[in-house]
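Note sheet for the following structure.
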Amino acid sequence: MSIPANQPPASRVQIIAAFAAVYIFWGSTYLAIRVGVAAFPPFLFACCRYLLAGSLMFGWLAWRGVRRPNKRQWKEAAISGSLLLLGNGLVCWAEQTVNSSLAALILASSPIWFALFDTVRPGGRYPRWNTVLGILVGTGGVALLVFGKHDANGDATSLAGATALVLACAFWAAGSIYNKYHTSSHSPWMSTAAQMLCGGAANGLVGTLHGEWAHVQPAHFTAPPLIAFAYLVFFGAIVGFSAFVWLLAHCAPAKVATYAYVNPI
């Protein structure tokens, strides 16, 4: 994806601010997800979060006069949004059995998937040696943390949950690479809103097929999960996800993927 001609180049301050939003807010979302899925079915939780965030953002942009996506752009948003946010739905599902700190550590393998998909895509190039070195060092540090971590209760991490997190990494990286090179929207913000709407709908479909509506119990919607939900809508989705999509348009995927090494901290 090339930056649209009508979009000014990013300044250093803008890039630093966007990285800060992704580094700080996304690092805290793992805990918020853990709190939220204690009351909400996981895929429906992701569905409601992104449908609400996408609707708020889409409505505000439309009110400001930003051109709405055309048919081609909705198709692109459906592909990238579904891949990206089904990855988030898998994280929600996994955090029913995997604690939030370990989930963040496992998801720190994302840069490997970013580099892999960026290489095998049509016209892709092999990563530079310093990128490979950075991935190896970062992954090695994460491996030390994961294998040196013991649950306070001595419980083993769910194999299904850990597998879902690895799949989430692959989904997220594939959606990110597609988003960078196959998105034609003139506005990254409108593109983000469309992706959240499509990704939210995809999670809703998976949740429905998974029979999650039968597990919705309003009595469980107490203050902590509702606060977690609101935090994820505004800071995780509207601020964090928007910053992430914007960064993909202005930076190399491997550089954007460094959030995965910072979030566990």
Side-chain angles (χ1 to χ4, degrees), residues 1-27 29 50 53-54 57 61 66 69 72-88 91 107-125 127-128 131 134-135 138 168-199 202 235-263:
M1 170 185 165
S2 58
I3 301 172
N6 63 340
Q7 187 178 331
S11 69
R12 181 179 295 271
V13 172
Q14 289 175 316
I15 290 176
I16 291 174
F19 268 110
V22 174
Y23 282 0
I24 296 170
F25 291 128
W26 273 7
T29 56
Y50 285 110
M57 195 168 177
L61 291 168
V66 177
R72 174 188 174 185
Q73 290 162 351
W74 274 115
K75 179 181 177 181
E76 293 167 347
I79 295 173
S80 59
S82 296
L83 287 169
L84 283 162
L85 301 183
L86 281 174
N88 187 266
V91 174
L107 289 169
S109 64
S110 293
I112 298 175
W113 294 95
F114 272 75
L116 174 63
F117 288 130
D118 199 22
T119 300
V120 301
R121 67 176 175 85
R125 294 181 299 177
R128 298 171 59 184
T131 300
I135 291 172
C169 290
F171 272 64
W172 187 265
S176 299
I177 297 301
Y178 181 90
N179 183 71
K180 181 171 180 64
Y181 297 108
H182 297 88
T183 299
S184 58
S185 175
H186 65 287
S187 166
W189 315 118
M190 184 60 84
S191 174
T192 301
Q195 288 178 67
M196 287 195 287
L197 289 172
C198 294
F235 293 101
I238 294 178
V239 177
F241 187 65
S242 297
F244 174 78
V245 172
W246 183 86
L247 281 170
L248 283 175
H250 293 87
C251 301
K255 184 179 291 185
V256 179
T258 56
Y259 75 88
Y261 293 144
V262 180
N263 286 170

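By the 4.5 Å heavy-atom criterion applied to side chains, Cys251 and Ile15 are counted as neighbours. Between Gln195 and Tyr50 there is no side-chain heavy-atom pair separated by less than 4.5 Å. Between Asn88 and Phe241, the closest side-chain pair of non-hydrogen atoms is not below 4.5 Å.
Rounded to the nearest 0.5 angstrom, Tyr259 OH and Leu107 CG are separated by 7.5 Å. Annotation: the span from His250 atom NE2 to Gln14 atom CD amounts to 7.0 Å, rounded to 0.5 Å. Between atom CD1 of residue Ile177 and atom OG of residue Ser80 there is a gap of 12.0 Å, rounded to the nearest 0.5 Å.
Pairing each heavy atom of Trp172 with each of Leu84, the nearest pair is CE3-O, 2.9 Å. Between Gly240 and Val22 the shortest heavy-atom distance is O-CG2, 3.8 Å. Smallest separation of non-hydrogen atoms from Tyr178 and Glu76: CE2-O, 3.7 Å. In plain terms, the two heavy atoms of Ala53 and Ala237 that are nearest each other are CB-CB, 3.7 Å. Heavy-atom minimum distance, Ser191 versus Asn179: OG-OD1, 4.4 Å. A pairwise comparison of heavy atoms in Tyr181 and Asp118 identifies OH-OD1, 3.1 Å as the closest pair.
Within 6.0 Å of CZ on Phe235 lie no more than 12 heavy atoms contributed by other residues, nucleotides or ligands.
Between Trp26 and Phe244, the angle of the ring planes lies from 30° to 60°, which puts this pair in the tilted group.
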Check your understanding: How far apart are the C-alpha atoms of Phe19 and Thr258, what are their side-chain angles, what is the distance that settles it, and do they pass the side chain to side chain contact (heavy atoms under 4.5 Å, CB included) test?
Key -> CA-CA 9 Å; Phe19 268 110; Thr258 56; 4.0 Å; yes

